[in-house]
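Worksheet: one structure, shown below.
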Amino acid sequence: MSKKEISSGTEKAESLTRKSTAKKPAEKSVKSKKTAPVKQTKSVDKKKSNKRHVKQISEKKRKRQEAREQKKLEAAKIRAEKKQRKLEKKLDAKQKRLDRIAAMKEKRAEAREKRRERRDMLKHETKEARLERKKEERAAKVQARVAKREAALADKRAKREHRLKVRAEKRAAKNDKRHAPGFGGWLAAVIALGVTTLALGTMMTFGWLNMNGMEADMAATHTESMYELNSIVDNLDTNLSKARVANSRNEQVRLLTEIAIESEMAETILERLPMETQLTQNMTGFINKMGDSAQSMLFAVANGKKLTDSQVATIEHMYKTNLELKQIINELTANTNGKDMLAAMRGKEDSLMYVTFGEIENNTVETPKEIHDGPFAENIKKVTAKNLEGLEEISESKAQELCKKYFEDYDVTNVTCTGETSAEQLSLYNVTLTTPDGEMSAQLSKQGGKVVEFNSYKDCNDKNFSVERCIDIAEDFLEDLGYDNMKAVWTSENGTTCNLNFAYEKNGVVYYSDMVKVKVCEQRGIVTGMEALSYVLNHTDRQVGSAKISKADAKANLHSGFEVESSRLCVIPTDGGNEALCYEFYGTYEGSTYYIYVDANTGDEIEVFTVIGTQQGKALM
């Protein structure tokens, strides 16, 4: 059936069906359009929430990362600080080690300098000064020991007094607690005070007894020293008595050895006695010279030589003087008790020891001065360096240049200034010179560059040059150093070495204060040592004037038995740093050799020397 044949009702139904079908999708679409915005909002919120969560996670992560970074930085900082502390500690330890090394070097340098100064001091120290120095050192040690002992006793007493005081206070406190206030309390206080007073009084008495006990101990020690001195003087008397008649070499060596040792012991013990230096000076000097003479004779006898008449006379003189000392000291030892020793310790001049030693000093020990190496060889006065006044100060390099010039004949290959030192009133450069034969040393004054001392260490085993030739060699050497117008006044030979003393001479007058000592090797014919300290300290232009009495008048004042061999006019040093114009007379008396000096203005005899120990030493007039 065609479309036109379908009924209208059917068509209407179909149309309605199509309309309804068409409307549903539309409604659905409308609904979807209305609900779509809601779904989109939820999605956005979810995204925002996710973003916030991610942001929170990243923030925590960032913080953790920053914390880790901070922790790493702190750890790195701690490691750096630890490394820095370790480095600083290492550097500090290194610096301390360097400081210790520097301190040790400085200490060694100071010790070397002290040893050098001590050697210089000992080299130029007189016997009297040495005795005085030893006396002062021993006295200082004794005083230090006494002070230490007294301090220990005082500390002990103070501690004991404190303990007693504390004990008394505790006892008093207990009594106060035990008894009620009133008469009982006052009684306890009085008892406590009495106990304390008694304790303090006991301690004071104990301290006084201790002090007296210490003095008694010292007195006993000094008494023991007195007995030792008495025993040694007795032994010296025995050995000197034997030495007078001994003729065999072995016996002389034995006796002279014992005399030298006992003299040293006697000198040491004498210095321990509680006596003033001026009361023992002559006795100490005699004992010291006795030991020196014994050693000199021992050296000669040990080398196969016989004692000379002068040495035999010296033994006789020592025997007689020691015999007088023995008699006096024996009597003193027998009569001295503890009370006398305490009086001597306290310096009482009317004590037995003071009176006896005063008699020994003034009457018993009076001996002429003895010399081994020439008149006034040890004369060094505490004066300024007159010879250097007005001269410019030189540098170390200049001192080295001068040494090269002065010692060019010694084939010097190297010169080194090793430092500075002081001797007497001088500042000196120490210079070391290297030669093919070994090292030499010299000391030059900073002011003026004068050679004050020179030493070379060269062996001398043969005698190829005479004494006269050695004198010429020494004179040329001194002229090259600037020491002009020097005259040889003394010579002595020691094996293969010639020792010479030169003194300044002007217009026929010899000035003993201006002395230079020279040592010449008789094998090589060269100077191996020189010392000019006396010259540098004393030499200057002088106005001594002329003699007021003639040589004949001065000679008339000598002992009638003294045989004069030669004489001359000279200027000699005297006590107090002064000088005197004198006639020097050289000669003999009863087998002994003497130098006698008579004042050229007054005719008084002002100095006497006797030559001991060697016949090789002699004056050159």
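Remember, it's a predicted structure, so these values are computed and weren't measured experimentally.
Checking side-chain atoms of R568 against main-chain N and O of Y583 turns up no donor-acceptor pair under 3.5 Å. At distances below 3.5 Å, not a single donor-acceptor pair connects side-chain atoms of T574 with backbone N or O atoms of A580. Proximity of a side-chain donor or acceptor of N538 to a complementary backbone N or O of S513 within less than 3.5 Å is detected. Without hydrogens or angle criteria, S241 side chain to D237 main chain gives no donor-acceptor distance under 3.5 Å. Side-chain atoms of E531 come within 3.5 Å of backbone atoms of L533 as a donor-acceptor pair (strictly under, hydrogens ignored).
The distance from atom CG of L307 to atom CE of M297, rounded to the nearest 0.5 Å, is 6.5 Å. In this structure, CG in D599 is found 7.0 Å from CD1 in I549, a value given to the nearest 0.5 Å. Expressed to the nearest 0.5 Å, how far CD1 of I596 lies from CD of E584 amounts to 10.5 Å. If you take CG on D409 and CZ on F477, they are separated by 9.5 Å, rounding to the nearest 0.5 Å. One distance of note links OG of S445 with CG of L391; it measures 7.5 Å at 0.5 Å rounding.
Classification of R542 and E579 as a salt-bridged pair holds, one side-chain N sitting under 4.0 Å from a carboxylate O. Taking the charged nitrogens against the carboxylate oxygens, E401 and K404 have no contact shorter than 4.0 Å, which rules out a salt bridge.
For the 3.5 Å distance criterion, the side chains of D553 and S550 qualify, holding a donor opposite an acceptor. A side-chain N or O of E113 and one of T421 form a donor-acceptor pair less than 3.5 Å apart.
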Between Q443 and N430, is a side-chain hydrogen bond (donor to acceptor under 3.5 Å, both in side chains) present by the stated rule, with each step listed?
-> CA-CA 5 Å; Q443 289 186 324; N430 299 320; 2.9 Å; yes

Q.
Run N322 and V233 through side-chain contact (heavy atoms from CB on, under 4.5 Å) and show every step you take.
A. CA-CA 7 Å; N322 185 79; V233 171; 3.9 Å; yes

| said: E258 vs N239, test: side-chain hydrogen bond (donor to acceptor under 3.5 Å, both in side chains). Steps then yes/no. | reply: CA-CA 7 Å; E258 291 184 1; N239 290 323; 3.2 Å; yes

Item to complete: Would you please test M486 and V516 for side-chain contact (heavy atoms from CB on, under 4.5 Å) and show each step?
Response: CA-CA 8 Å; M486 303 300 293; V516 180; 3.7 Å; yes

task = I would like to know whether M530 and K519 meet side-chain contact (heavy atoms from CB on, under 4.5 Å); could you show each step before the answer?
result = CA-CA 6 Å; M530 186 275 285; K519 183 169 59 176; over 6 Å; no

Checking side-chain contact (heavy atoms from CB on, under 4.5 Å) for the pair C470/F465: CA distance, chi angles, key distance, verdict?
CA-CA 7 Å; C470 289; F465 292 82; 4.1 Å; yes

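No side-chain heavy atom of K306 sits under 4.5 Å from any side-chain heavy atom of V301. Using a 4.5 Å heavy-atom threshold, the side chains of L236 and M290 count as touching. Residues E522 and N464 are not in side-chain contact: their nearest non-hydrogen atoms beyond the backbone lie 4.5 Å or more apart. A 4.5 Å side-chain heavy-atom check between T496 and Q523 finds every atom pair outside the cut-off. In this structure, the side chains of N455 and T528 stay at 4.5 Å or more apart for every pair of heavy atoms. With a 4.5 Å cut-off on side-chain heavy atoms, V544 and Y511 count as touching. Considering only heavy atoms from C-beta on, V598 stays 4.5 Å or farther from D604 through its side chain.
The SG atoms of C570 and C582 are placed at least 2.5 angstrom from each other.
Just one residue in the list Y586, F609, F585 forms a ring-ring contact (aromatic ring centres under 6.0 Å, His included) with Y595, and that residue is Y586.
Between F502 and V518, the closest heavy-atom pair is CD1-CG2, 4.0 Å.
Separation of the Y483 and Y504 ring centroids does not fall under the 6.0 Å cut-off. A ring-centre distance under 6.0 Å is not found for Y589 and F562.
The 12-atom threshold is exceeded at NZ of K463, counting heavy atoms of other residues, nucleotides or ligands nearer than 6.0 Å. A 6.0 Å sphere centred on CG of N507 holds no more than 12 heavy atoms belonging to other residues, nucleotides or ligands.
The aromatic rings of Y410 and F407 sit perpendicular, their planes meeting at an angle over 60°, well past the 30° parallel limit.
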